[in-house]
Amino acid sequence: MSRRPARSTSRSASAPTNGGACPCGLPGPYEGCCGRYHSGAAAPTAEALMRSRYSAFVKGDAAYLVRTWHPRTRPARLDLDPGMRWTGLEILGTTDGSAFHTTGTVTFRASFRGGSLHERSRFERVEGAWVYVDGEFLSQ
């Protein structure tokens, strides 16, 4: 998800950090899904990184978001809104972004209490790891 001014840039919801289903919407527990990326494993695809970044917003993990942001576009500081309540992620499409690519895009809709964010995010590999570059907001 991309950078926006102040309160609408970085959003998170308070959610338990251990146990339960993964916020990204894939079946299985958080620890075996996005939790492993948050703990240091490399996301194998741009889509996996997108899902893990969404989960980081839900969990309020600003350090992971900064770590997985391209150095060229990374903000100096990231303040998450503790009142934000993310309610779901829908992946609408991907282009490239596999183990065989160096760039990729993921188009998604992230829902939050009161609305949704529709974005096409760009990802690149830096030193072999997928990172978020930037995003283009799309009309709802």
Side-chain angles (χ1 to χ4, degrees):
M1 297 198 264
S2 69
R3 191 171 17 164
R4 285 184 163 183
R7 287 182 99 32
S8 59
T9 312
S10 355
R11 302 176 176 213
S12 70
S14 53
T17 55
N18 296 318
C22 192
C24 81
L26 292 177
Y30 165 76
E31 291 80 10
C33 192
C34 293
R36 63 188 161 156
Y37 306 131
H38 295 173
S39 296
T45 65
E47 180 180 339
L49 182 64
M50 174 63 240
R51 288 180 177 279
S52 70
R53 285 178 57 83
Y54 170 82
S55 292
F57 273 94
V58 171
K59 300 281 189 180
D61 189 347
Y64 180 78
L65 293 165
V66 169
R67 189 170 68 248
T68 58
W69 212 310
H70 196 293
R72 182 176 74 236
T73 58
R74 177 186 303 144
R77 183 176 147 187
L78 185 62
D79 296 317
L80 300 178
D81 178 354
M84 186 65 181
R85 298 294 182 256
W86 293 102
T87 59
L89 176 67
E90 180 183 7
I91 301 296
L92 303 172
T94 62
T95 304
D96 299 334
S98 77
F100 303 105
H101 299 106
T102 57
T103 63
T105 64
V106 178
T107 303
F108 67 91
R109 181 172 290 110
S111 300
F112 55 89
R113 191 177 304 154
S116 66
L117 170 71
H118 188 192
E119 181 177 311
R120 181 176 304 112
S121 293
R122 291 186 322 126
F123 298 87
E124 291 179 9
R125 284 186 185 266
V126 172
E127 298 178 5
W130 284 108
V131 292
Y132 170 79
V133 177
D134 58 21
E136 170 190 3
F137 295 107
L138 306 171
S139 53
Q140 299 295 322

**Q.** Distance, nearest 0.5 Å, that separates CG of Leu138 from CZ of Phe108
**A.** 9.0 Å
Q: Would you please name every residue forming a side-chain contact (heavy atoms from CB on, under 4.5 Å) with Ser52, sequence neighbours left out?
A: Cys34, Tyr37, His38, Leu49, Tyr64
Q.
Quick check against the 3.5 Å criterion: does His118 have a side-chain atom that pairs as donor or acceptor with the backbone of Arg109?
A. no
Q: Check for a donor-acceptor pair, side chain of Arg53 on one end and backbone N or O of Leu65 on the other, with a separation under 3.5 Å.
A: yes
Q | Same apolar cluster: Leu78 and Val58, side chain cutoff 4.5 Å | A | yes
Q) What are the two closest heavy atoms between Trp86 and Tyr54, and how far apart are they? A) CB-OH, 3.4 Å
(Q) Check whether Arg51 reaches the backbone of Cys24 with its side chain - one donor and one acceptor, N or O, closer than 3.5 Å. (A) yes
Q. Who passes salt bridge (charged side-chain N to carboxylate O under 4.0 Å, His left out) against Arg77, sequence neighbours left out?
A. Asp79
**Q.** Check: Thr87 main-chain N/O paired with Ser111 side-chain donor or acceptor under 3.5 Å
**A.** no
Q.
Within this structure, what is the CD-CH2 distance for the pair Glu124 and Trp130, rounded to the nearest 0.5 Å?
A. 8.5 Å
Q) In Å and rounded to the nearest 0.5 Å, what is the CD to CD1 distance from Glu47 to Ile91? A) 5.0 Å
Q | Interatomic spacing from NE2 in His101 to OG1 in Thr95 - rounded to 0.5 Å | A | 9.5 Å
Q. Hey, what do you get for CD (Glu90) to OG (Ser116), rounding to the nearest 0.5 Å?
A. 9.5 Å
Q) Out of curiosity, Glu119 CD to Glu136 CD, how far, rounded to the nearest 0.5 Å? A) 9.0 Å
(Q) Does any part of the side chain of Thr103, heavy atoms only, come nearer than 4.5 Å to the side chain of Arg122, both counted from C-beta? (A) no
**Q.** Shared-cluster residues of Val131, by chain and number - hydrophobic side chains joined below 4.5 Å
**A.** Val126
(Q) To check you understand the geometry: which heavy-atom pair defines the closest contact between Phe123 and Val106, and what is its length? (A) CE1-CG2, 3.8 Å
Q: Look at the side chain of Arg74 and the backbone N and O of Trp69, then say whether any donor-acceptor pair between them is shorter than 3.5 Å.
A: yes
